[in-house]
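Following: one structure in structure tokens, then a few remarks.
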Number of protein chains: 2
Amino acid sequence: MKDQMAPVMSASKSEILDAAAVVFMDLGVDVASIDDIARHLGSTKGRIYHHFASKGVLLSEVCLRAADFTYRKVALVIDPDAAPDKNLRNMILAHVPEVLRTLPYHKVIRQTYPGINQKSTTQVERDLHQRIHAERDRYEGLFRAELRRGMTDGIFRQQNETIALHGMLLLVNAPVIWYTPRADEPEGFALEIARQTADMAVRALS
Amino acid sequence: MKDQMAPVMSASKSEILDAAAVVFMDLGVDVASIDDIARHLGSTKGRIYHHFASKGVLLSEVCLRAADFTYRKVALVIDPDAAPDKNLRNMILAHVPEVLRTLPYHKVIRQTYPGINQKSTTQVERDLHQRIHAERDRYEGLFRAELRRGMTDGIFRQQNETIALHGMLLLVNAPVIWYTPRADEPEGFALEIARQTADMAVRALS
DNA sequence: GCAAGACATACTACTCAGTATGTTGTCAAT
DNA sequence: ATTGACAACATACTGAGTAGTATGTCTTGC
């Protein structure tokens, strides 16, 4: 992934992506304008267009960055020798806190999951959409693999894989919908969300 | 609900709502234009504006109709004397086929669940947004009530209600994301989706 | 014959993505 | 010390798309 992008992302580009994620989260990816994002940054859209060829490219880069956040965390905790339910639980315990930590990005992912809607696209954008799709398949593949192993081992019940996988993934990503960080939030609430979500996911499959 | 709306919706208005749901599903609620919907109908936007004061009103009416579809089906199957897990299962068995039958509407619901994004709104639109929110709370309340009864009765495990409820609801609505009707789809697939989803949901809570 | 509803057509004003041009600061070469 | 190139912005501009409105036409019902 890193070898496919510029070796080091500039601080300005990173700042723009963060601002874009927040504004896309607040206004919606289609309603938010480049000017809205520039205002959030306290700059003008000339700055944004210097780093990103189009709004569609900017949105795609936000999505790719979001995918990278969770992939990096989850891939690290998978142990091929561990039982599928244990792996799955650990994956979710890694996934959920990272999602909560980078919530704007994942709210953008949620909006664009069915696809990025544009009435016309450039080849660059189409290529980026394919990369996003590939990243998503790769990430979902981590969960699918554990689900399959679990069904083969008898740890998870035998059932339709598509229904089971997507049901479980939507459950796991539910906090993207309802969670909003609060100043008065109890200590360890993020961990409680992760634990309970992992617990529910494993039970749903068992 | 019905007493709050015109007693009988005209056939033309109903046709417009159906077309709007499909076009909103395909293009996204913000990318789709009133002209897009008119084209889908084989008419012009004059027709649409005759029945709906604005695009925002049209979108809101699509959402309200969607909410009505599932509420009507699910409210009918709730038995106050039944065990919470049985009720929940029956609710999901009623909910899922209706969602699949009216899929465009629910894809629109999914897009607008965090809120309908408009840079400016009329009072009529704000009032409609409040109705939508109230309808959603009322519907979710049906599920919340069974979850609470189940946790009180010990049928469902004691856990954070918000995490449990939203996780379960997202799992139940997962088919909105991945399901697409296919001509070669096996007989009874919709029922299989409903059964497996109900099963997973009850297990997730137990 | 007239009123009203249900459309179609023509028009307006605004927003927006993207582009062209200008400015400034930094850095390297001389 | 100077100069030129270039990156990183800001500003001004353009063209297209869009929501919504005004007006016209046709049909229907009384």
Side-chain angles (χ1 to χ4, degrees), chain A residues 5-20 23-24 26-62 108 112 116-126 128-129, chain B residues 5-20 23-24 26-62 108 112 116-126 128-129:
Chain A
M5 296 172 70
V8 176
M9 183 184 293
S10 74
S12 182
K13 194 167 177 176
S14 177
E15 188 185 359
I16 293 170
L17 285 169
D18 286 346
V23 176
F24 283 147
D26 286 341
L27 302 183
V29 304
D30 298 310
V31 172
S33 69
I34 293 289
D35 271 316
D36 287 327
I37 299 166
R39 246 190 315 280
H40 187 91
L41 284 158
S43 65
T44 68
K45 62 186 176 183
R47 176 184 176 189
I48 297 173
Y49 280 107
H50 176 73
H51 292 282
F52 300 91
S54 68
K55 182 186 177 184
V57 169
L58 173 59
L59 175 57
S60 296
E61 298 274 8
V62 167
V108 173
T112 58
I116 292 179
N117 299 318
Q118 286 172 242
K119 287 187 167 170
S120 67
T121 49
T122 63
Q123 188 58 51
V124 168
E125 288 167 340
R126 288 193 287 280
L128 284 165
H129 294 173
Chain B
M5 296 173 69
V8 176
M9 182 184 292
S10 74
S12 182
K13 194 168 178 175
S14 176
E15 187 185 358
I16 292 169
L17 286 169
D18 287 346
V23 176
F24 284 145
D26 287 341
L27 301 181
V29 304
D30 297 310
V31 173
S33 68
I34 293 289
D35 271 316
D36 287 327
I37 299 168
R39 241 187 322 278
H40 186 91
L41 285 158
S43 65
T44 68
K45 63 187 174 183
R47 177 184 174 188
I48 297 172
Y49 280 106
H50 176 72
H51 291 284
F52 300 92
S54 69
K55 183 185 177 187
V57 169
L58 174 59
L59 175 56
S60 295
E61 297 276 6
V62 167
V108 173
T112 58
I116 292 178
N117 299 317
Q118 286 172 245
K119 286 187 167 170
S120 68
T121 47
T122 62
Q123 189 56 52
V124 168
E125 288 167 339
R126 289 193 286 280
L128 284 166
H129 295 174

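First the proteins, then the strands, lettered A, B, ... as listed; each starts at 1. The structure displayed is predicted, hence computed values, not measured ones.
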Under a 4.5 Å cut-off applied to non-hydrogen side-chain atoms, are [X] and [Y] in contact?
{"X": "B:S33", "Y": "A:K119", "result": "yes"}
{"X": "B:E15", "Y": "B:R47", "result": "yes"}
{"X": "B:L58", "Y": "B:L17", "result": "yes"}

Length of the line joining [X]:[atom1] and [N]:[atom2], which is rounded to integer Å:
{"X": "A:I34", "N": "D:dA10", "atom1": "CD1", "atom2": "C1'", "answer": "16 Å"}
{"X": "A:L27", "N": "C:dT15", "atom1": "CG", "atom2": "C1'", "answer": "14 Å"}
{"X": "B:R39", "N": "C:dA8", "atom1": "CZ", "atom2": "P", "answer": "13 Å"}

Q: Spell out yes or no: do the side chain of A:K45 and the base of C:dA17 have one donor N/O and one acceptor N/O closer than 3.5 Å?
A: yes

Quick one: label [X] by what it contacts on the DNA or RNA (base, sugar-phosphate, nothing), any heavy atom closer than 4.0 Å.
{"X": "A:S33", "answer": "sugar-phosphate"}
{"X": "A:A11", "answer": "nothing"}
{"X": "A:A32", "answer": "sugar-phosphate"}

Q: Using a cut-off of strictly less than 4.0 Å, decide whether B:K119 has a side-chain nitrogen or oxygen near OP1 or OP2 of C:dC14.
A: no

(Q) Is the phosphate of C:dC7 approached by B:S12 (side-chain N or O, under 4.0 Å from OP1 or OP2)? (A) yes

Q | cation_pi(B:K45, B:F52) dist<6.0 Å, angle<=45 | A | no

Q | Sorted by number, the residues of residues 49-59 of chain A with heavy-atom contact under 4.0 Å to DNA chain D | A | A:H50, A:H51

